[in-house]
Amino acid sequence: MFYYSTNKQAPEVSLEEAVVRGLAPDRGLYMPEDIRPLPEDFFRDIDRLTFQEMAYRVARNFFGDDIPADDLQRIVYDTLNFDIPLVEVTDRIYSLELYHGPTLAFKDVGARFMARLLGYFIRREGGRTVHVLVATSGDTGSAVANGFLGVEGIRVYVLYPKGKVSDIQEKQFTTLGRNITALEVDGTFDDCQALVKQAFLDADLNARLNLTSANSINVARFLPQAFYYFQAYARLKQLGKADEMVVCVPSGNFGNITAGLFAQQMGLPVKRFIAANNRNDIFYRYLQTGHYEPRPSVATIANAMDVGDPSNFARIRELYHDRVEEVRAHISGAWYTDEQIARTVQEAYDATGYLLDPHGACAYRALQENLREGEHGVFLETAHPAKFRDTIERIIGREVRIPERLRAFMQGEKQTVPMTKDFADFKHFLLSLPS
Ligand SMILES: *Cc1c(COP(=O)(O)O)cnc(C)c1O
């Protein structure tokens, strides 16, 4: 299968090239040239498949032309070595808990898949070291760092905004050592993202280093997230409640929800999607006005969604032919202030005993406010509440239990390279690396 750029000014490329490049040379995002529907019997029997079996069938649809069946199956099964349960919160609202992976955030699946795929390509080609650059507002960095930890032939550089991620998030990518280096940037997440984007377009750097991205723009990170939506449907089908499934996704760069839109185009019966945001309401405004107007991000308690120019918007535009009416027909929007998010965490906890994290809280609330008669809602719970422990404890006024996996990270020692938001500094650092 070939991949084309959303900007249509760059040649089509193979899967391998799309994965290694990350961003297309014309600054567009890669899209698979077609999205093939899955057969009817797959959906009929889906509730009898295991998560791994189901995910493999989905993966084959995209990657089956490029990777031999055995290798692809191994990559998928190895990526999904943890469960993704669907948990009832109310009689109509279910939480798809995506946080049972190594870093307790949903980005584990995409990161683990990409690391294994890239590792496979490097082994196959016997190629030189690949340098992975990743900008993070919190959870991407830990998922990518842990997903790639110890993978031979790959070195990872995590750029994050100094002082703007939680302690626990920071520990998860600054304490690993080995092939992982954390760069502490004096700036915002958007500055980090800009540095990474500029590096990929810099001729000197690309001549010297084999650079690639692990941000959610990368097809190998973004497409495997489609697995979640099949899982939501299969588990809801087991309960006899899948007929009018509405899926609500807490969104920042819109990679996760875009994977859901792909799943729908593969035939998955999702009635509609809701994109839930914090005060960074760029997408919501686009739905209202038809104009896409990026703005600098503002800091919120759902900080993994503090994004002022969602990169995957280009893919959404492409899917729906740049027509806002078509986008509106598939996705509606909602956004909440920090106060509303906090109240939602508190109220859900009091009423149901279910503890939301600030991101999942946006999505839960959007379902509460928007679900119609006969519909069942699934929201993606994208991180474990303990990852935002201080915020959550302040809201509910009691201690949040820290899972063992998270506690282990807290014991490591932070090691970072300080960096300004000046591209010249970043370039100098990269040029000093062994190629
Ligand atoms: C990354 C992240 C999001 C946003 O996902 P996108 O794919 O960027 O829209 C939401 N919640 C959490 C906890 C995240 O880490």
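In listed order, ligands and their atoms are each counted from 1.
Asp306 and Ser297 are not linked by any side-chain donor-acceptor pair at a separation below 3.5 angstrom, with hydrogens and angles left out of the test.
Using a 4.5 Å heavy-atom cutoff, the side chains of Arg394 and Phe388 are not in contact.
Taking the centre of each ring, Phe262 and Phe222 come in below the 6.0 Å mark. A distance below 6.0 Å separates the ring centres of Tyr292 and Phe313. Ring to ring, Phe173 and Phe409 are not that close: their centroids are 6.0 angstrom or more apart.
For ligand 1, the 4.0 Å heavy-atom shell contains residues Phe106, Lys107, Asp139, Pro250, Ser251, Gly252, Asn253, Phe254, Gly255, Asn256, Ala304, Met305, His359, Thr382, Ala383.
By the 30° and 60° cut-offs, the orientation of the rings of Phe426 relative to Phe429 is parallel.
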